[in-house]
Amino acid sequence: MPVGAVSAGLTAAALSGQGWVLAAALLLSVAGVLLTAIDLAVRRLPDPIVWRLAVAVAALLALAAATGGGWAAYGRALGAGAALLGVFGLMSLLTGGQLGLGDAKLAGVLGMPLGWFGWPLVVFGALLAVLLNGLVAVVLLALRRVGWRGSLPMGPSLLAGALLALVVVGLLLPAAG
């Protein structure tokens with residue numbers, strides 16, 4: 001699938017040299033293609049996939065911490081995952097289902113690799129996701145593909161926002177070092 005190749009290629013280029021963090025991001029990139037297809041088709045993000053992805057990402061980041069990445073970064077990654085799960089979970093409850101709990105769970109998973117690089121990236125990735133979803137909504141409204149009361153799957157925007165944020169940080173890492 002071309003989207004998967006582009007996503008994995010961007011991830012690999014942006015985070016080359018990041019070892020286990022790159023592995024976690026690549027896993028999210030590849031699984032993100034599957035989750036996007038499912039969310040677009042049935043507007044659901046299946047718990048069995050999302051929870052297994054959460055465990056795998058946490059484990060890969062633990063390996064990154066154990067092999068020199070630092071336990072502080074790992075703790076921040078777990079905290080960021082929990083924070084995005086909480087924020088998007090609250091948004092899900094407040095919007096009466098316009099944002100699903102599956103979206104909140106996916107946001108929690110995506111928060112982990114973003115959190116590895118710091119809180120500003122967590123906020124940036126979450127804001128990018130919301131902005132991307134808003135942009136898609138405006139375009140679809142203008143094209144009369146959805147109505148004002150319609151809803152859009154948020155998973156693809158969450159995944160794209162996280163990917164773009166990781167690509168941006170990957171491009172800035174050499175300049176910071």
To the nearest 0.5 Å, tell me how far Leu135 CG sits from Leu131 CG.
8.5 Å

Do you know which of Val21, Val122, Val168 makes side chain to side chain contact (heavy atoms under 4.5 Å, CB included) with Phe117?
Val21

Verify same cluster id: Leu40, Leu34 (apolar side-chain graph, 4.5 Å):
no

Can you name the closest pair of heavy atoms from Ala54 and Val109 and give their distance?
CB-CG2, 3.5 Å

I want to check something: taking the side chain as every heavy atom from C-beta on, are Pro46 and Leu35 in contact at a cut-off of under 4.5 Å?
yes

Leu84 vs Leu110 side-chain heavy atoms within contact, under 4.5 Å:
no

For Val3, is there any backbone N or O sitting under 3.5 Å from a side-chain donor or acceptor partner on Ser7?
no

For Leu128 and Gly161, the nearest pair of non-hydrogen atoms, with its separation, is CD1-O, 3.7 Å

Atom of Ser157, atom of Asn133 and distance for their closest heavy-atom approach
OG-OD1, 2.8 Å

Do Val57 and Trp71 belong to the same hydrophobic cluster, where Ile, Leu, Val, Met, Phe, Trp and Tyr are linked whenever their side-chain heavy atoms lie under 4.5 Å apart, directly or via other members?
yes

Side-chain heavy atoms under 4.5 angstrom apart, residues restricted to Ile, Leu, Val, Met, Phe, Trp, Tyr: same cluster for Trp20 and Val30?
no

Compare all side-chain heavy atoms of Met112 with those of Leu78 and state whether any distance is below 4.5 angstrom.
yes

If we ignore hydrogens and angles and just use 3.5 Å, is the side chain of Thr67 paired with the main-chain N or O of Leu63 as donor and acceptor?
yes

Could you give the distance from CG (Leu85) to CG (Asp103), rounded to the nearest 0.5 Å?
11.5 Å

Tyr74 side chain to Ala58 backbone, donor-acceptor under 3.5 Å
yes

Is Ser92 reaching over with its side chain to a backbone N or O of Leu99, donor-acceptor style, under 3.5 angstrom?
yes

Do Ile49 and Ile38 come close enough that some side-chain heavy atom pair is under 4.5 Å?
yes

For Val167 versus Ala14, what's the shortest heavy-atom pair and its separation?
CA-CB, 3.6 Å

At their closest point, which heavy atom of Leu26 faces which heavy atom of Ala12, and how far apart are they?
CD2-N, 4.2 Å

Expected output: side-chain Asp39 to main-chain Pro153 donor-acceptor under 3.5 Å:
no

Atom CG in Leu152, atom CZ in Arg43: separation rounded to 0.5 Å?
6.5 Å

Could you grab the distance from atom CZ of Arg76 to atom CG of Leu121, nearest 0.5 Å is fine?
10.0 Å

In sequence, state the C-alpha distance, the side-chain angles, and the governing distance for Trp116 and Val169, and then conclude on side-chain contact (heavy atoms from CB on, under 4.5 Å).
CA-CA 11 Å; Trp116 181 270; Val169 78; over 6 Å; no

Could you grab the distance from atom CZ of Phe88 to atom CE of Met154, nearest 0.5 Å is fine?
5.0 Å

Honestly curious: do Leu164 and Leu106 fall in one hydrophobic cluster under the side-chain, below-4.5 Å linking rule?
yes

Please round to the nearest 0.5 Å and tell me the distance separating atom CG of Leu45 and atom CG of Leu101.
11.0 Å

Side-chain contact test, heavy atoms from C-beta onward, threshold under 4.5 Å: evaluate it for Leu166 versus Leu10 and give yes or no.
no

Treating Ile, Leu, Val, Met, Phe, Trp and Tyr as nodes and any side-chain heavy-atom pair under 4.5 angstrom as an edge, say whether Val42 and Val50 lie in one connected cluster.
yes

Looking at every non-hydrogen atom in both residues, tell me the closest pair between Leu132 and Ala160 and how far apart they are.
CD1-CB, 3.7 Å

